[in-house]
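Written out below as structure tokens is the structure these notes cover.
These values consider heavy atoms only, across backbone and side chains, with no hydrogens, waters or symmetry-generated copies.
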Amino acid sequence: MKNCGKYIKQYTLPPVECKKWALKDSVERAPVWCSVDLRDGNQSLIEPLSLETKAEFFKLLLKIGFKEIEVGFPAASQTEYDFLRKLVDENLIPDDVTVQVLTQAREHIIRKTFEALKGVKNAVVHVYNSTSVAQREQVFAKSKEQIKKIAVDGAKLLKKLSEEYGVNYRFEYSPESFTGTEPDYAVEVINAVLDVWQPTAENKAIINLPATVENAMPHVYASQVEYVSENIRYRDGVILSLHPHNDRGCGVAAAEFGLLAGADRIEGTLFGNGERTGNVDVITLAGNMYSQGVDPRLDFSDMPYVTAMYEKFTSMKVSPRHPYAGELVFAAFSGSHQDAIAKGMAFRKNTGRSIWDVPYLPIDPADVGREYETDVIRINSQSGKGGVGYILLSNYGIDLPAKFKECMGYKVKEVSDLKHKELKPAEVYAVFQERFLNSRANFEIESCAFDRTDGIKARLTLSAGGKNSTVTAEGNGTLDAVSNAVKEFFGLDYAVTGYEQHALTDGSRSQAISYVGVESGGKTYWGAGIDDDIIKSSYKALASAVNNLMAETK
């Protein structure tokens, strides 16, 4: 990349300083949302949507909660004309929803657009013409006055046809390629259009400022938006709208800054689908607002469903790292992240905390239809004890002691590393079963009875090497007596250094799980046991731990 010298700034800053937006730290309320999925999103597809698919997509947008939906450019293609007629003829437009149609500021196109709208109760007729320096010079070869006249003539025709058709449609005007237009000239054209429509607070017009090509940093767009907001006439009668594109990858930031600068409305698409690098992503914008305590007034509580339908309709794939919607966006594989999340979730539960401030999770995954057990803590060779412990606890009720958790974490790492794959919760539990719960490689305690006449004496039936043997020993407790019997029979030297137990499930018939750690040669070996009887679960855990010791020290 050695030719950067041929690129110049293709934007103009406002003639006065416009930085009030920079003093604000957050968006305080949701904008008016207008989905342009069925126009911008559709025209960007290699295979545009069929009539049937567009109708299903329209229903999805209604379900999400959009009240303004751009349904296309009916004068541009027969399919888009037919789709609008399908919505009308099949009564698919709810009374509280406004459909928007796009038209160039050309007479025959505007007239055909009004024909397509027959029978529509609520509509926005969106007229546009390009105003940028590049478009004026290279595409149209027209002066500023000539470009302004195109806009004014289009505005007059919209007003005239509305009167002829006897409808009270709302009007929208876009100075296309706004970001490449001198801000003071953009205001001049907009005011000329508004002078035709003369909007009021009761009958508002929409002025849309499209970043048709994102050619500057987001703060430049915000300054341009602020300048327009503060210098157009009829401001109380104007809904200031933004239509950001994403050529620089800053569409979301530009939209957020633009809202701080005075915009009232956003035109965007699900997942940012649109021509070139796309439109502004409504899902990310709405999620960002939600994470700051602002109700976006769009429903993404079942994000997996929205994602699946979008992929079905468009044949596009949603990135696994897409904010709020990606398959892996809440997933933590890193051990330190998993540990922090697990502790944060436990803290939240134990303290009854109502606000959400769990480390590494900007929003509660459950709010967008995600599962903690399968979507948040994900286990692979990068994972640690905290994540493994969380998986066992949340899925199986197994609350490992801290040191046991560390040992279990290493065993899971070994398996994941060997298989070069993520381990699902069932596979993590299988490692626990095989390595710690069913450790019977050398012996098994078939039965155990206790005599408490004079102290505590254990009588064990041990199965080892294909033979059963009876062993007795005393101890200062049941587990100590069993341990002494095992030591004596096998000639082992170890100390029981860890013992914990808890119920696996609530209720009188719950099973108990015990954890036992035995130390030998400076290393601790762990085992677990499950049984209806807590004493049996404890000596099963001891047997598993000693089996692990013997397997490693043979």
Checklist entry - Can you check whether Asn288's main-chain N or O pairs, donor with acceptor, with Ser291's side chain at less than 3.5 Å? => result yes

Checklist entry - Is any NZ, NE, NH1 or NH2 atom of the basic residue among Glu427 and Lys421 found under 4.0 Å from an Asp or Glu carboxylate oxygen of the other? => result yes

Checklist entry - Roughly how far, to the nearest 0.5 Å, is OG1 of Thr351 from CZ of Arg353? => result 6.0 Å

Checklist entry - Given the rule in the side chain to side chain contact (heavy atoms under 4.5 Å, CB included) test, do Val189 and Thr181 qualify, once you have shown the distances and angles that lead to the verdict? => result CA-CA 11 Å; Val189 175; Thr181 304; over 6 Å; no

Next on the checklist: Taking Ile391's backbone N and O only, do any of them form a donor-acceptor pair with Asn395's side chain (distance below 3.5 Å, no angle check)?
Outcome noted: yes

Checklist entry - Do Tyr221 and Leu242 come within less than 4.5 Å of each other through their side chains, counting heavy atoms only? => result yes

Checklist entry - Taking all non-hydrogen atoms of both residues, which atom of Pro359 and which atom of Gly344 are closest, and how far apart? => result CD-CA, 4.0 Å

Checklist entry - Are Asp339 and Lys343 close enough for a salt bridge, meaning some N to O gap below 4.0 Å? => result yes

Next on the checklist: Salt bridge check, Glu182 against Lys144: does any charged N sit closer than 4.0 Å to a carboxylate O?
Outcome noted: yes

Checklist entry - Can a salt bridge be assigned to the pair Arg248 and Glu214 using a cut-off of 4.0 Å between side-chain N and carboxylate O? => result no

Item to check | ring pair (Phe, Tyr, Trp, His ring centres under 6.0 Å) contacts touching residues 178-220 (sequence neighbours left out) | outcome: Phe171-Trp197

Next on the checklist: What's the separation between atom CG in Leu45 and atom OG in Ser315, rounded to the nearest 0.5 Å?
Outcome noted: 8.0 Å

Item to check | Minimum-distance pair of heavy atoms, taken over all atoms of Phe140 and Ser130 | outcome: CE1-CB, 3.7 Å

Checklist outcome for this item: On a heavy-atom basis, the closest approach of Gly251 and Asn246 is N-OD1, 2.7 Å

Checklist entry - Of all heavy-atom pairs between His245 and Thr212, which one has the smallest distance, and what is that distance? => result CG-O, 3.7 Å

Checklist entry - Side chains of Asp40 and His243: donor-acceptor distance under 3.5 Å anywhere? => result yes

Next on the checklist: Quiz question: by atom type and distance under 3.5 Å, do the side chains of Tyr290 and Asp295 form a donor-acceptor pair?
Outcome noted: no

Checklist entry - Taking atom CD of Glu164 as the centre, does the number of heavy atoms from other residues, nucleotides or ligands within less than 6.0 Å exceed 12? => result yes

Item to check | Note, Gln10 side chain near Thr179 side chain (heavy atom, < 4.5 Å) | outcome: no

Next on the checklist: Salt bridge check, Arg265 against Glu267: does any charged N sit closer than 4.0 Å to a carboxylate O?
Outcome noted: yes

Next on the checklist: Keeping Thr113 on the side-chain end and Ile109 on the backbone end, is there a donor-acceptor pair under 3.5 Å?
Outcome noted: yes

Checklist entry - Is the closest basic N to carboxylate O distance between Glu163 and Lys159 below 4.0 Å? => result no

Checklist entry - With distance as the sole test, does Trp21 use its side chain to make a donor-acceptor pair with the main-chain N or O of Cys18 at under 3.5 Å? => result yes

Item to check | Donor-acceptor side-chain pairing of Tyr372 and Asp364 below 3.5 angstrom | outcome: yes

Checklist entry - Is it the case that more than 12 heavy atoms not belonging to Arg276 sit under 6.0 Å from its CZ atom? => result yes

Checklist entry - Does the side chain of Glu275 pick up a donor-acceptor pair with the side chain of Gln43 at under 3.5 Å? => result yes

Checklist entry - Does any N or O in the side chain of Asn273 come within less than 3.5 Å of the main-chain N or O of Gly41, such that one atom is a donor and the other an acceptor? => result yes

Next on the checklist: When you measure from the side chain of Ser162 to the backbone of Tyr169, do you find a donor-acceptor pair of N or O atoms at a distance under 3.5 Å?
Outcome noted: no

Checklist entry - Does any N or O in the side chain of Ser394 come within less than 3.5 Å of the main-chain N or O of Tyr390, such that one atom is a donor and the other an acceptor? => result yes

Item to check | Minimum side-chain heavy-atom gap Pro183-Thr12 below 4.5 Å | outcome: yes

Checklist entry - Is there a side chain to side chain contact (heavy atoms under 4.5 Å, CB included) between Leu361 and Ile341 once you walk through the steps? => result CA-CA 8 Å; Leu361 296 177; Ile341 290 171; 4.1 Å; yes

Item to check | Side chains of Ser334 and Ser336, donor plus acceptor under 3.5 Å | outcome: yes

Next on the checklist: Measuring from atom NE2 of His126 to atom OG of Ser174, what distance do you get when rounded to the nearest 0.5 angstrom?
Outcome noted: 2.5 Å

Checklist outcome for this item: For Asn129 and Ala151, the nearest pair of non-hydrogen atoms, with its separation, is OD1-CB, 3.4 Å

Next on the checklist: In the structure I gave you, are the side-chain heavy atoms of Leu285 and Trp33 within less than 4.5 Å of one another anywhere?
Outcome noted: yes

Checklist entry - Salt bridge between Glu145 and Lys148, side-chain N to carboxylate O under 4.0 Å? => result yes

Checklist entry - Do the charged groups of Glu230 and Lys20 touch, with an N to O distance under 4.0 Å? => result yes

Item to check | Nearest-0.5 Å distance that lies between atom OG in Ser26 and atom CG in Leu260 | outcome: 7.5 Å

Checklist entry - Hey, are the side chains of Pro244 and Cys250 touching, using non-hydrogen atoms and a 4.5 Å cut-off? => result no

Item to check | Atom pair CG/CZ of Asp153 and Arg106 - distance to nearest 0.5 Å | outcome: 13.5 Å

Checklist entry - Strictly under 6.0 Å, is that where the ring centroids of Phe271 and Tyr310 end up? => result yes

Checklist entry - Just wondering, do Thr131 and Ser177 contact through their side chains at under 4.5 Å, heavy atoms? => result no

Item to check | Salt-bridge contact Asp195-Arg233 (side-chain N to carboxylate O under 4.0 Å) | outcome: yes

Checklist entry - Asp264 and Val32: side chain to side chain contact (heavy atoms under 4.5 Å, CB included), yes or no, with the steps? => result CA-CA 6 Å; Asp264 312 297; Val32 176; 5.5 Å; no

Checklist entry - Does Asp299 use its side chain to pair, donor to acceptor, with the backbone of Ile64 at less than 3.5 Å? => result no

Next on the checklist: Under a 3.5 Å distance rule, please check whether Asn42 uses its side chain to pair with a backbone N or O of Leu49 as donor and acceptor.
Outcome noted: yes

Item to check | Student check: side-chain heavy atoms of Arg170 and Lys204 closer than 4.5 Å | outcome: no

Item to check | Listed once per pair and sorted, the ring pair (Phe, Tyr, Trp, His ring centres under 6.0 Å) pairs that draw on residues 51-94, sequence neighbours left out | outcome: Phe57-Phe313

Next on the checklist: Does Arg297 have more than 12 heavy atoms from other residues, nucleotides or ligands lying within 6.0 Å of its CZ?
Outcome noted: no

Checklist entry - Does Pro304 reach the side chain of Arg370, with side-chain heavy atoms less than 4.5 Å apart? => result yes

Checklist entry - What distance separates Glu28 CD from Leu259 CG, expressed to the nearest 0.5 Å? => result 11.5 Å

Item to check | Ionic contact status for Glu327 with Lys317, cut-off 4.0 Å | outcome: no

Item to check | Test item: Glu256 side-chain N/O and Ala253 main-chain N/O as donor-acceptor pair under 3.5 Å | outcome: no

Next on the checklist: Could you report the tightest heavy-atom contact between Glu70 and Leu38, atom names first, then the distance?
Outcome noted: O-CB, 3.5 Å

Item to check | Audit row: Lys142, Arg136, side chain to side chain contact (heavy atoms under 4.5 Å, CB included) steps and yes/no | outcome: CA-CA 6 Å; Lys142 291 185 181 293; Arg136 294 195 313 261; 5.9 Å; no

Going by atom type alone, with no hydrogens or angles, which donor-acceptor pairs under 3.5 Å involve a side-chain atom of residues 114-124 and a protein atom two or more places apart or on another chain?
from   : atom 1 : to    : atom 2 : distance (Å)
Asn122 : ND2    : Asp95 : O      : 2.8

